[in-house]
Protein chains: 2
Amino acid sequence: MSSRGSNLNRPKAVTSVDVAAESGVSQATVTRAYSSPHLVSDKTQAKVFEAADRLGYVPNAIARSLKSQRTDIIGAVVPAQGEYWQGFLTATSQQLVAKGKQLLLFSFVSTDEVDEVLAAIRQYRLDGLILASANIEQPQILRTAQTGLPIVAFNQPAASGVVPSVSVDNKAGSQALAEHLVFQGARTVLFVGGMSHTSTDQLRYRGAAQALGGNGVACPYMEAGSYTYDAGFKAAGQIIEMQDRPDAVMVASDEIAFGVIDGLRLGGLDVPNDIMVTGFDGLPQASWAGYDLTTLVQSTPVLVEQTIRLLIESDSGPAERIAESPADLVVSGTLRLGRTTNNFERNDLKTG
Amino acid sequence: MSSRGSNLNRPKAVTSVDVAAESGVSQATVTRAYSSPHLVSDKTQAKVFEAADRLGYVPNAIARSLKSQRTDIIGAVVPAQGEYWQGFLTATSQQLVAKGKQLLLFSFVSTDEVDEVLAAIRQYRLDGLILASANIEQPQILRTAQTGLPIVAFNQPAASGVVPSVSVDNKAGSQALAEHLVFQGARTVLFVGGMSHTSTDQLRYRGAAQALGGNGVACPYMEAGSYTYDAGFKAAGQIIEMQDRPDAVMVASDEIAFGVIDGLRLGGLDVPNDIMVTGFDGLPQASWAGYDLTTLVQSTPVLVEQTIRLLIESDSGPAERIAESPADLVVSGTLRLGRTTNNFERNDLKTG
DNA sequence: TGACTTGATGAATACGTAGTCATATGGTGT
DNA sequence: ACACCATATGACTACGTATTCATCAAGTCA
């Protein structure tokens, strides 16, 4: 009522044409002063910037994008839940800004929304897309990739056949953990996975089973049901009731592991003296004194860096590329350090 | 080398003109079929969509934005660290997508980058901006607001005088916690803040001090130095060495509180029997069995909803508005429940 | 039936920038 | 002094869509 229903109360937009008039040069020169300074003499450039300052001119990225066919915006599809993703987001945002790019964030709860989200993504003509959610079906990925949008999958090894992919070396990491458990005297080990159908779960389990099998240790699999604390907590309940309780539990992710630890402790077990626990991911909380979890620390910034490089240089070389990064084994309080060596005692160990 | 240096290997872009030709209507009609369907007959609309499907046409949001002067993109400036922000981001992203808008994410570590980030923001002609970082100076906010960009501050009460703001009712929440502590028999309480100069800290401390003072309980202030686990852990070290150790510690945020709890426990104290602890925020981890922290649970989705409403309807009514939301007091294991009532025993209590 | 309204469509243009082409200027080599 | 070249700049146009404005068909009312 009061303000006559104009939802554009913005001051008159200042354009490069206005700056051109103010500084006495052509519009083309104004543009060049910003995007191709080497084509403009120092004197003219100064003149332009002064005029721009006076008028409060800021180049319009939308118009630039329309003309140049580049938005300088990278999209990321990230699961709505999960402690793991915080680090990914901040690392990605920062590294992109450092390259003059921006991050458009998508997340969704129900998979029904995926198509809607992908449609929105296509509309924005992004320069690239990072898929960090395992909830997207291969056909959907394929269809999106066919629009010519460069896509890189992040920590989603299953997508490797479809689009370039970056992930931690799940199998090697899991092997390293398993071997260390054997070294610490574990004779019976249980693997607690998140969701058995995910490639991440499969690789981590395979690595564990192989390493343990090679040492004559069996490794049954238990599915927590999701990659959450609660799922781990419930799994712990089942573990407590097992007849032949294992020496150690290898958990597919740190967040699940926290739930497992709390559940075991609440059930009266001593971690690590009654039962050892390992995680995977290297969340900040893993190093908190309350958990002090033995885990594999992924270097998220490094993974993100590889992802961005793959995305931006996606036109060079063959389309399909896979990068696997090693993780650092950090041995902490959730293991009994009966047998220690200089290499292992609270020390980092490259697994890759 | 191999692929002749074209970084635009995308298929020929399909435009509304192509669809127009394919479907035998004008370009204007194609546009209308998408953005003003009521202006197009059902028959024509079907014809257009069929042709679009055949060609794989997707409207170009960049061109639309240029013409319509609306990007449908909301920006958010969020601190790079802090467990708290994960929930904010996912809630914001989801609620925006539900309104047909997208989220452009900005985060930064050093405050030197702020100006750079703000410049990028201005270039993109966003429809609105959510400031969730306390590290932005008022002059910078003011300058950005003067461009006509609608801004709302999120959980940053200090910005209230400058831009509309949404935050949890820090003072009332803190009072509720304090009163409950008194009710539980606390006679000496220490307040551990994050950074004393932030408005959030000040309000939470003021609420606590007032409620405690009214009950004849003193409330000294200790500064942890940052809103992190590590800062809390260190603060715990100081608390342990205090001569007159308090009955209870009120901590300014959950994340700091986790550090305090772990620090106290590692120092041999029993929480809550030797010393009680409360938090603030209601992080998911607060309800984990390992901490089971008594805290104030902010309803992030509600806060975000208010924020978005304020942002989108920012042209109606006076520019300056402040919304304060109540939080839910959740009493858990970090308190001695010596005296309990039906209201308090592991129950929620509205504080607003 | 003629004047008039409503609904559906096409033609034309503007949004603000970046790149192409053409032009002008000053300096270099012989 | 002439041809030549590198540098600096301006005029012009295209990017793909949304929004006038104009047009035309199909009703509607008296």
Side-chain angles (χ1 to χ4, degrees), chain A residues 6-8 10-48 51-52 55-72 100 122-127 147-148, chain B residues 6-8 10-48 51-52 55-72 122-127 147:
Chain A
S6 153
N7 39 5
L8 285 183
R10 307 200 181 181
K12 71 296 171 203
V14 180
T15 74
S16 57
V17 176
D18 301 325
V19 177
E22 172 82 9
S23 57
V25 302
S26 70
Q27 177 270 328
T29 299
V30 174
T31 281
R32 282 192 276 252
Y34 283 92
S35 46
S36 321
H38 60 282
L39 294 179
V40 178
S41 73
D42 293 350
K43 220 180 70 183
T44 308
Q45 200 177 335
K47 213 165 44 174
V48 169
L55 300 178
Y57 169 73
V58 176
N60 186 323
I62 301 299
R64 184 203 313 139
S65 298
L66 180 59
K67 183 61 181 144
S68 66
Q69 305 291 64
R70 284 186 352 191
T71 54
D72 288 334
R122 292 190 57 187
Q123 293 203 355
Y124 278 97
R125 303 296 196 269
L126 304 178
D127 285 0
T147 65
Chain B
S6 154
N7 39 5
L8 286 182
R10 308 199 180 185
K12 71 294 173 206
V14 180
T15 74
S16 56
V17 176
D18 300 326
V19 177
E22 173 83 9
S23 57
V25 301
S26 71
Q27 177 270 328
T29 299
V30 174
T31 282
R32 280 192 278 253
Y34 282 92
S35 45
S36 322
H38 59 283
L39 293 179
V40 178
S41 75
D42 292 351
K43 219 181 69 183
T44 308
Q45 200 176 333
K47 213 167 43 174
V48 169
L55 300 178
Y57 169 72
V58 175
N60 185 323
I62 301 299
R64 184 203 312 139
S65 299
L66 179 60
K67 185 64 183 138
S68 67
Q69 307 288 63
R70 282 186 354 191
T71 53
D72 288 333
R122 292 189 59 189
Q123 293 204 355
Y124 277 95
R125 303 298 197 267
L126 305 178
D127 285 0
T147 65

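All chains are named by letter (A, B, ...) in the order of the sequence lines, taking the proteins before the strands, and each is independently numbered beginning at 1. Heavy atoms only: backbone and side chains are in, while hydrogens, waters and symmetry mates are out.
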Table of protein N/O atoms under 3.5 Å from nucleotides 19-22 of chain D N/O atoms:
none

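- Taking the side-chain hydrogen bond (donor to acceptor under 3.5 Å, both in side chains) definition, one finds that A:Thr71 meets it with A:Asp127, sequence neighbours left out.
- In the helix from C:dT1-D:dA30 to C:dT30-D:dA1, the rotation axis of the first five pairs and that of the last five pairs differ in direction by 30°, rounded to 10 degrees.
- With sequence neighbours excluded, the residues that form a side-chain hydrogen bond (donor to acceptor under 3.5 Å, both in side chains) with B:Ser16 are B:Gln27.
- For B:Thr29, the side-chain hydrogen bond (donor to acceptor under 3.5 Å, both in side chains) criterion is met by B:Ser26, not counting sequence neighbours.
- Evaluation of the side-chain hydrogen bond (donor to acceptor under 3.5 Å, both in side chains) rule for A:Asn60 yields no partner, not counting sequence neighbours.
- OP1 or OP2 of D:dT9 sits under 4.0 Å from a side-chain N or O of A:Thr44.
- In this structure, the separation between CZ on A:Arg70 and OG on A:Ser65 is 8.0 Å, given to the nearest 0.5 Å.
- In this structure, the ring pair (Phe, Tyr, Trp, His ring centres under 6.0 Å) partners of B:Tyr57, at least two apart in sequence or on a different chain, are B:Tyr34.
- Between the CG atom of B:Asp18 and the P atom of D:dG16 there is a distance of 9 Å, rounded to whole Å.
- Sequence neighbours left out, not one pair with a member in residues 26-48 of chain A passes salt bridge (Lys or Arg N to Asp or Glu O under 4.0 Å).
- Nearest nucleotide to the side chain of A:Ser26, out of D:dG16, D:dT17, D:dA11: D:dA11.
- Applying the salt bridge (Lys or Arg N to Asp or Glu O under 4.0 Å) test to every pair with at least one member in residues 15-27 of chain B, sequence neighbours left out, gives these pairs: B:Glu22-B:Arg54.
- When the nearest nucleotides of DNA chain D are assigned to A:Leu66 and A:Asp42 by heavy-atom distance, the more 5′-ward of the two goes with A:Asp42.
- Boundaries of the chain B contact region on DNA chain C are C:dA8 to C:dG16, first to last in 5' to 3' order (nucleotide atom under 4.0 Å from a heavy atom).
- For residues 13-32 of chain B, the set of pairs meeting the ring-ring contact (aromatic ring centres under 6.0 Å, His included) definition, not counting sequence neighbours, is empty.
- Between the CG atom of A:Leu39 and the P atom of D:dA6 there is a distance of 15 Å, rounded to whole Å.
- For B:Arg64, the side chain to side chain contact (heavy atoms under 4.5 Å, CB included) test picks out A:Gln123, B:Pro59, B:Ala61, B:Ser68, B:Asp72, with sequence neighbours left out.
- To the nearest angstrom, P of D:dT9 lies 16 Å from OH of A:Tyr34.
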